[in-house]
Amino acid sequence: MKRYGRKILGGAILVLLAGVVALAYFIGAYFVEYALKRGNDVDPMALPPACERIQDKGRLIPAWPETPSEEWELTTSDGRKVVATHLLPDNPGEKWAVLVHGYGRDQRYTGDYAEKYLERGYHVLTPDLCASGKSEGQYITMGVKESEEIALWTQEIAAKHPEAEIVLHGVSMGAATVLMAAAREDTVNLSAVIEDCGYTSAHEMFSEQLGVIFGLPSFPIMEFVDVVSGLKTGAKVSEAAPIKVVGRIKVPVLFVHGSEDKLVPPIMMEELYAACKARKEKFLVKGAGHGDAMKDDGETYWRNIFAFLSQVD
């Protein structure tokens, strides 16, 4: 009887553990789909629901520069086709700017940034990141696969223009992406990085938003999300962590942030700046919210950026 009782108890424990694992997976999967998955039953190109929740609805798609352009394509290591647009200035030289959009955006949102670089004679490349715009992929990975794509784009530029001097300029998730790309050994011909309101880690940012949006604690939910994101997307959320790699960057980095950023607080810029060992500068745009530094004070924004880039020429 005792042996039989132990079997029943053991079976009950296994069932309980299986239930706990299933619940953890369900919770993790829900938030991965909510925050990272593109498309739904109605619209295969629909943004993840979290994008709709946190995006600035006032940010409109800017006018696209009226300049000659061509579409580029390449294939990533996991077999996805990704797309970018090459914009040519009036008097092209060997300076290039790769402009990297943010979470829930696509390359169309970089048109106003592109205009400024084109005016300075830069070639501009505007990629659609993983699961964004015309590029393939079902899940956004917050900078993990995206940074590999940027490395591949620099290789593509260098193959076509061996003397190219490339600036990576990203906003929000794009800023996290360019930091991670700049730390990679396979990113080539890099001359400088402009990071605008990038996060230290996606895990930390999402942990904060769980409280803001749902009123939920980050533990243990983000641990569930981390495991499930690795299974579903091929990249754990915790891997999207520029703070872990920014110390490897060797080219000059300019850190930009809005003083009133509520999504990615300015303290994250300070932490990234402190961890960066390369030549670096930083500036805050007073009163600007998340991703609004250029929109709110374009004069200061571009004056600082081109003054910084003039020192690395």
Side-chain angles (χ1 to χ4, degrees), residues 16-38 40 47-56 102-105 129-132 138-147 170-177 179-180 183 195-247 255 257-276 289-291:
L16 178 61
L17 288 174
V20 170
V21 170
L23 178 61
Y25 183 86
F26 174 82
I27 293 171
Y30 172 82
F31 284 106
V32 168
E33 305 290 295
Y34 182 81
L36 303 176
K37 184 180 179 182
R38 173 167 68 169
N40 54 42
L47 297 177
C51 293
E52 300 286 354
R53 184 69 180 267
I54 68 176
Q55 274 187 351
D56 176 11
Y103 174 64
R105 306 294 193 189
L129 297 177
C130 179
S132 301
Q138 189 173 32
Y139 291 96
I140 298 168
T141 65
M142 303 306 296
V144 181
K145 292 184 178 181
E146 292 84 351
S147 60
V171 179
S172 188
M173 186 188 79
T177 296
L179 288 175
M180 294 175 69
E195 84 84 30
D196 180 345
C197 67
Y199 41 79
T200 52
S201 77
H203 190 284
E204 184 177 354
M205 182 185 67
F206 281 150
S207 295
E208 178 66 22
Q209 289 305 306
L210 268 176
V212 172
I213 297 175
F214 294 99
L216 295 172
S218 63
F219 182 84
I221 293 174
M222 282 305 302
E223 280 54 48
F224 302 158
V225 169
D226 206 37
V227 172
V228 176
S229 63
L231 295 172
K232 280 183 167 286
T233 76
K236 291 183 177 181
V237 169
S238 60
E239 294 174 16
I243 192 66
K244 295 180 181 179
V245 300
V246 67
F255 296 84
H257 224 92
S259 66
E260 301 304 313
D261 192 332
K262 305 303 181 186
L263 180 63
V264 179
I267 187 61
M268 286 193 173
M269 180 190 74
E270 299 296 343
E271 292 170 2
L272 289 166
Y273 183 85
C276 180
H290 184 67

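Keep in mind that what you see is a predicted model, and the values were worked out from it rather than measured.
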Colleague: So Val237 and Phe206, do their side chains get closer than 4.5 Å, heavy atoms only?
Modeller: yes
Colleague: For residues Ile243 and Ala275, report the shortest heavy-atom separation together with the two atoms involved.
Modeller: CD1-CB, 3.9 Å
Colleague: Measuring from Phe255:CZ to Met269:CE, what's the distance to the nearest 0.5 Å?
Modeller: 8.5 Å
Colleague: Main chain of Ser238, side chain of Asp226: is a donor-acceptor contact present, judged purely on distance under 3.5 Å?
Modeller: yes
Colleague: Please report the C-alpha distance between Thr141 and Glu239 in whole Å, then the side-chain angles of each, then the deciding distance to 0.1 Å, and finally whether the side-chain contact (heavy atoms from CB on, under 4.5 Å) criterion is met.
Modeller: CA-CA 9 Å; Thr141 65; Glu239 294 174 16; over 6 Å; no
Colleague: Between CE of Met173 and CG of Leu129, what distance do you get to the nearest 0.5 Å?
Modeller: 5.0 Å
Colleague: Taking atom SG of Cys130 and atom CD of Gln138, what is their separation to the nearest 0.5 Å?
Modeller: 10.0 Å
Colleague: Report yes or no: does Ser229 contribute a side-chain atom to a donor-acceptor pair with the main-chain N or O of Val32 at less than 3.5 Å?
Modeller: no
Colleague: Minimum heavy-atom separation for Pro266 to Gly258, with atom names?
Modeller: CG-O, 3.5 Å
Colleague: If you measure from NZ on Lys232 to CD on Glu33, what distance do you get to the nearest 0.5 Å?
Modeller: 4.5 Å
Colleague: Roughly how far apart are Thr200 OG1 and Glu271 CD, rounded to 0.5 Å?
Modeller: 5.5 Å
Colleague: Just so I know, are the side chains of Lys236 and His203 near enough to count as touching, which here means a heavy-atom distance under 4.5 Å?
Modeller: no
Colleague: Would you find a donor on one side and an acceptor on the other, under 3.5 Å apart, between the side chain of Thr233 and the backbone of Gly230?
Modeller: no
Colleague: Tell me if a side-chain donor or acceptor on His257 pairs with a main-chain N or O of Val264 at a distance below 3.5 Å.
Modeller: yes
Colleague: Taking all heavy atoms of Tyr103 and all of Pro48, pick out the closest pair and write down the distance.
Modeller: OH-CB, 4.5 Å
Colleague: With distance as the sole test, does Arg38 use its side chain to make a donor-acceptor pair with the main-chain N or O of Ala131 at under 3.5 Å?
Modeller: yes
Colleague: List the atom of Leu263, the atom of Asp261, and the distance in Å for their closest heavy-atom pair.
Modeller: N-OD1, 3.0 Å
Colleague: Show, in sequence, the C-alpha distance, side-chain angles and deciding distance for Ile267 and Glu270, and conclude whether the side-chain contact (heavy atoms from CB on, under 4.5 Å) test is met.
Modeller: CA-CA 5 Å; Ile267 187 61; Glu270 299 296 343; 4.2 Å; yes
Colleague: Do Ser218 side-chain atoms and Met222 backbone N/O form a donor-acceptor pair below 3.5 Å?
Modeller: no
Colleague: Does the Glu195 side chain pair with the main chain of Val171, one donor and one acceptor, at a distance under 3.5 Å?
Modeller: no
Colleague: Taking atom CZ of Phe224 and atom CZ of Phe31, what is their separation to the nearest 0.5 Å?
Modeller: 11.0 Å
Colleague: Main chain of Val144, side chain of Glu146: is a donor-acceptor contact present, judged purely on distance under 3.5 Å?
Modeller: yes
Colleague: Between Tyr199 and Pro242, which heavy-atom pair has the shortest distance, and what is it?
Modeller: O-CG, 3.4 Å
Colleague: Evaluate the side-chain contact (heavy atoms from CB on, under 4.5 Å) criterion for residues Tyr25 and Val227: first the C-alpha distance (whole Å), next the side-chain angles of each, then the deciding distance (0.1 Å), finally the verdict.
Modeller: CA-CA 8 Å; Tyr25 183 86; Val227 172; over 6 Å; no
Colleague: Return the minimal non-hydrogen interatomic distance between Gly104 and Cys51, and the atom names on each side.
Modeller: CA-SG, 3.6 Å
